[in-house]
2 protein chains.
Amino acid sequence: MPLGKRTDCGNARYAGIWPQRCGGVCDAIQESFQVGLDFVLVSLNHEKLSTGVGPPHTSINSDLDLQAQSWTSQVVGVASDAPDDASSGDQGVASAARVLEKELGWATYLGLQAVVLPSVAGLSDAITPVVAQSVSQALGSKTFLQMWVQVPVASGASDHESYYRRWHTIRALSDYHKQVKVALVLGAELPDKAELEVWLGEPVRCVIIPISCFVFNSKGYPTLRRGHQDFLSRLFCLGVQVVIREDSLDHELGADAVRTAQDPKGNPLRNYYEYISYLFRRMPALTENEEAELEYRDYLQSPLQPLQDHLESATYEVFERDATKYTTYEEAVFRCLQDRCEGGLIDGRKPVLMVVGAGRGPLVLASLRAAKRAQVELRVFAVEKNPNAYVTLLHLHRRENWGDGVTIVHRDMRSWDTRERADIMVSELLGSFGDNELSPECLDGAQRFLAPNGTSIPQSYTSYLAPVSTSKLHEEIRNLKDPKLQEMPYVVKLHAHCLLAPNREVFSFEHPNPADQIDNERYRSLSFRRFGGGRRPGVLHGFAGYFESVLYGDVTLSIRPETHTESMFSWFPIYFPLARPVYLRPGDEEIAVHFWRRSARHKVWYEYALASPEMGPLVNADGASYAAEL
Amino acid sequence: MPLGKRTDCGNARYAGIWPQRCGGVCDAIQESFQVGLDFVLVSLNHEKLSTGVGPPHTSINSDLDLQAQSWTSQVVGVASDAPDDASSGDQGVASAARVLEKELGWATYLGLQAVVLPSVAGLSDAITPVVAQSVSQALGSKTFLQMWVQVPVASGASDHESYYRRWHTIRALSDYHKQVKVALVLGAELPDKAELEVWLGEPVRCVIIPISCFVFNSKGYPTLRRGHQDFLSRLFCLGVQVVIREDSLDHELGADAVRTAQDPKGNPLRNYYEYISYLFRRMPALTENEEAELEYRDYLQSPLQPLQDHLESATYEVFERDATKYTTYEEAVFRCLQDRCEGGLIDGRKPVLMVVGAGRGPLVLASLRAAKRAQVELRVFAVEKNPNAYVTLLHLHRRENWGDGVTIVHRDMRSWDTRERADIMVSELLGSFGDNELSPECLDGAQRFLAPNGTSIPQSYTSYLAPVSTSKLHEEIRNLKDPKLQEMPYVVKLHAHCLLAPNREVFSFEHPNPADQIDNERYRSLSFRRFGGGRRPGVLHGFAGYFESVLYGDVTLSIRPETHTESMFSWFPIYFPLARPVYLRPGDEEIAVHFWRRSARHKVWYEYALASPEMGPLVNADGASYAAEL
């Protein structure tokens, strides 16, 4: 039974149980269903396979115990613990892995979705690579089996470091295989919130909550501490599934307390399930914007190239829905008219406002609203190169009765030849990284017909960058296979990720540009100080990019997290990937990168190279993998 | 409103209308909805784009006429006819294509799903490549737009040849792009059924039925002739959508007749819709087997390699459901026991039956049933190499109380060392092409412990091959991109396809094999006589393979179409693709292919090369792209 009705958290709706009592798999499933849980963790130890050490807990007779579909949807396997390797030498270590190999074969045969691997807390540094080799080998044989590596969330720094290092050994040896996941094991104590955040960038698939983590409230019901609750909410949002792990001693204690409190015959696990379900259900509902953005979470999009491609009607339609953005533009035009007009005139004549890149007209409408508020009669020119959007503008002209006040011009702003001069030139050419849709080149080309003292709205824009850990996006990009697609930027609603340092300013542009020889190439060497002084290990996958723009005076637009314009949804961040993830050791305080904006006759592109903690290859050299066409 | 409730025909549920009357797109959609139709064909001719010749029919003001989603789901564009090129020379021909380019840009801007291109009947051979170039160019610009090329179904052979050749020109110049589709236009007369079948292998996306095709029954309602009805049912099964095309003159005639018959104020189109809906709804429901196979239609599967890989429990479970197959095996064992036993004994002792490759035991169960019927007490050995299926067999042994009568042996049959000798050796090692899962190599390896005069069930098997036209599978395989995947065999439920000639026998194997030096390599040069003497043009995409097997005496299993064992579902055909489709000209009577079964120390594979109508490259040379491992 799902934890709740909401479906925006993916599989997090379905929780499981890891029983410790001996018994058959059918009984365990039936009991878990009665309690409300959806799947069961079952030992893969089987005498006929000569696997495992010590007695199994819940166990399997044969595949005939269940139908194929039940094996896939209701059971997760648990691999036996690796034997102690204290004094066995390399060969002894290697032979320990044979048990795991057989158990992974058994799990594949049963058609299970996943196997929970031994906890990294119980693995020595010597045996970890051997476990990883077995995992890697099993993944080579076309299995769909996911490998859930148990990693305890340690509150002590040195434990954390060794656990994380072993987890990293397994996934790096498996070449970041998409089926290798983390099963986080919570303890009674958790580290502070900032240190927990590192897990948001990792491929966490489930969170195992031992019953000993629960505390009992005054009525005898099991609950979790505040820190556990908050962390669990974060994990739910990433689709992480809960597994309640029975622990005989504490479980009995809990059971007694609950029996006293409630139905003495009921299954005491029911109260644990109810509490997890309560935490799931009480999460705040998504806002309207979040709802609309749901399907875009961690979904990679190629940046638009409105200069090279003609946008489609549906694309315009989506962007036109962003009321905040156009209200802000209206305000900018209004303030500018107030500053520049005297008695409704500029230099004694009707002000000329040009919308360059008018699309289907939203900035024309916003400018006319601003003019009305400012009681100014404008002469408007709407310049648009897309022959199809031009048809829409003509239609709008008729429908809105614009008459002589608005002139529609079907030209590229860089080549329109006119004797008119704009007092105000309004444009919306910004991409997620500010200049990446070639706003500088377009506006430089259009400023020929900006009047002396004319104003560009926007007046300026600046890009920002931050290093980010995001296994999810790394996996998505790897899936694309083509090497070129490993080194191009993507527009993406970052969701399962962890920022590793405060963002830093990259490139700025101002309009109009008074330089005699305009040069829009840029270079910046950026150094980021990791959060928490870089004491903890982690993995760097790439860089997140944002922009801030001054439309006019103090009217601004921003998608930089610290200053994000409220309820504006037109832009997601941009993401610059690294093809190979970079391991960050404890003590690696700095992440540094070289970043270029480069241009040639017909194209503009970014190049970058990691400089610290290690020198990386130059990404997208010469724009060979990705460039915006002029 | 869908034509009916059944969903197994995909998009065929949704029918459209191509109105001839002038009017706006909104009115047209509203009218079509009232009639019951789901989408509307609308002219892309637009004065502001300076496209088109002659007045448009139903037309578009601007993209603001509809919401983005309606453009995508409710409207298909119609490109203007190419202008007459009688005397205009190459330049004149080329300029004619500019109109098409603009209209395709307009359709992309609107977000339409598809554009209906001019009929090949109206295109000259000179202008066809120019149209194809525009189509090909538009497809290069990341559009999702489908291009529906109108091809009339001609009853005359010479018309058919020129129409088909032009259609082929467009799709071949577009390099068989998956968005280039056929819009078949029916006429009042249709060619015979065999000649219509060629279209089942082509990428037909919709069928346009002009109102003039309808005839009126005695009550004045529109109906279609029997040949049209039958062809339409075939097309529905392939997911082809109907478009009713209004034709002013006949339409009025029809309208009058219907008005007389029924509601004088109703929309006469309603009766046409109702009739198409009736044809859709009266198609026979899927059988249980067809229902189960639905999701496998034209779905490519890598052939199983049970020797190399351990099969999964779920795979065994599916195959064990095929009652017909195991009943047939039971019958074969029963007949064999009857022939060979005297008083329940063979040579005075209890008969020994070995199941080699026992899996989870279905042949053990079938053999025991046969023994019971024959009143024979068997000694059974079940030999299985899969360590996981071995666990299942042990479990079954306990559950079924087999006791001493059945011995479970966990060994590969090729290396089991035993002093027992089998009187009957039962196996199920056949693949879709008979020997392709290495039955010959396995049984040759096991015949060491077959008693003199021992019987193998099966006794023999033979593969068959037929040339096939199937754009659908070609498209699917192309989508896989990897060149190796273009030249490997696939197991597939052939659905949208057309066999081009009767199948021919390829390779045969008998067991036991008495040869001193066993050689399982084979070579065969095959020549196929095309159906209809090859008078019509067509396209060859690859070869379909089947097998027949003699289990014992006249007890057989077959998936060859002519002799297919009724209601047996364990095997789909195998498909051997050609990376490049081959155009078959009218008069190409013969299709010939060289076919090899080859082997090396550790693998077995097929190689083949087309020999006629043209010499093709050697496919899968040396098993470099695909081989079964020994």
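Just so you know, these numbers use all the heavy atoms, side chains as well, and skip hydrogens, waters and symmetry mates. In the text below, chain A, chain B and the rest are named by the order of the sequence lines, each starting its count at 1.
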Can you sort out the partners of A:D27 under salt bridge (Lys or Arg N to Asp or Glu O under 4.0 Å), two or more places apart, ordered by chain and number?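 Result, salt bridge (Lys or Arg N to Asp or Glu O under 4.0 Å) vs A:D27: none returned.
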List the residues meeting salt bridge (Lys or Arg N to Asp or Glu O under 4.0 Å) with A:E629, not counting sequence neighbours, and say none if there are none. none
Quick one, A:Y490 with A:L485, criterion side chain to side chain contact (heavy atoms under 4.5 Å, CB included). Give me CA distance, side-chain angles, the key distance, then yes/no. CA-CA 9 Å; A:Y490 294 92; A:L485 301 181; 3.4 Å; yes
Checking heavy atoms, do the side chain of B:L394, its backbone, both or neither come under 4.5 Å from chain A?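 For B:L394, side-chain heavy atoms alone lie under 4.5 Å from chain A.
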Can you tell me which portion of B:D309 sits under 4.5 Å from chain A's heavy atoms? Options are side chain, backbone, both or neither.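 Looking at B:D309, just its side chain touches chain A.
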Taking 4.5 Å as the heavy-atom cut-off, does anything in residues 380-390 of chain A contact chain B, and if so which residues? A:N386, A:P387, A:N388, A:A389
Partners meeting side chain to side chain donor-acceptor pair (under 3.5 Å) with B:E101 (sequence neighbours left out): none
For chain B, which of A:H310, A:E312, A:Q69 has the most heavy-atom pairs under 4.5 Å?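 Looking at each option in turn, the highest pair count goes to A:E312.
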Heavy-atom pairs under 4.5 Å with chain B, option from A:L396, A:V318, A:T392, A:D65 with the top count: A:T392
Just so I know, are the side chains of B:E293 and B:F569 near enough to count as touching, which here means a heavy-atom distance under 4.5 Å?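 A side-chain contact under 4.5 Å exists here.
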Parallel, tilted or perpendicular, as decided by the 30° and 60° cut-offs, for the rings of A:Y299 and A:Y296: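 Ring orientation, 0 to 90° scale: perpendicular.
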Can you name the nearest heavy-atom pair linking B:V78 to B:L41, along with the distance?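 Closest pair (atom of B:V78, atom of B:L41, distance): CG2-CB, 3.7 Å.
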Within a radius of less than 6.0 Å around CD of B:E400, do more than 12 heavy atoms belonging to other residues, nucleotides or ligands occur?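 Counting other residues, nucleotides and ligands, CD of B:E400 exceeds 12 neighbours.
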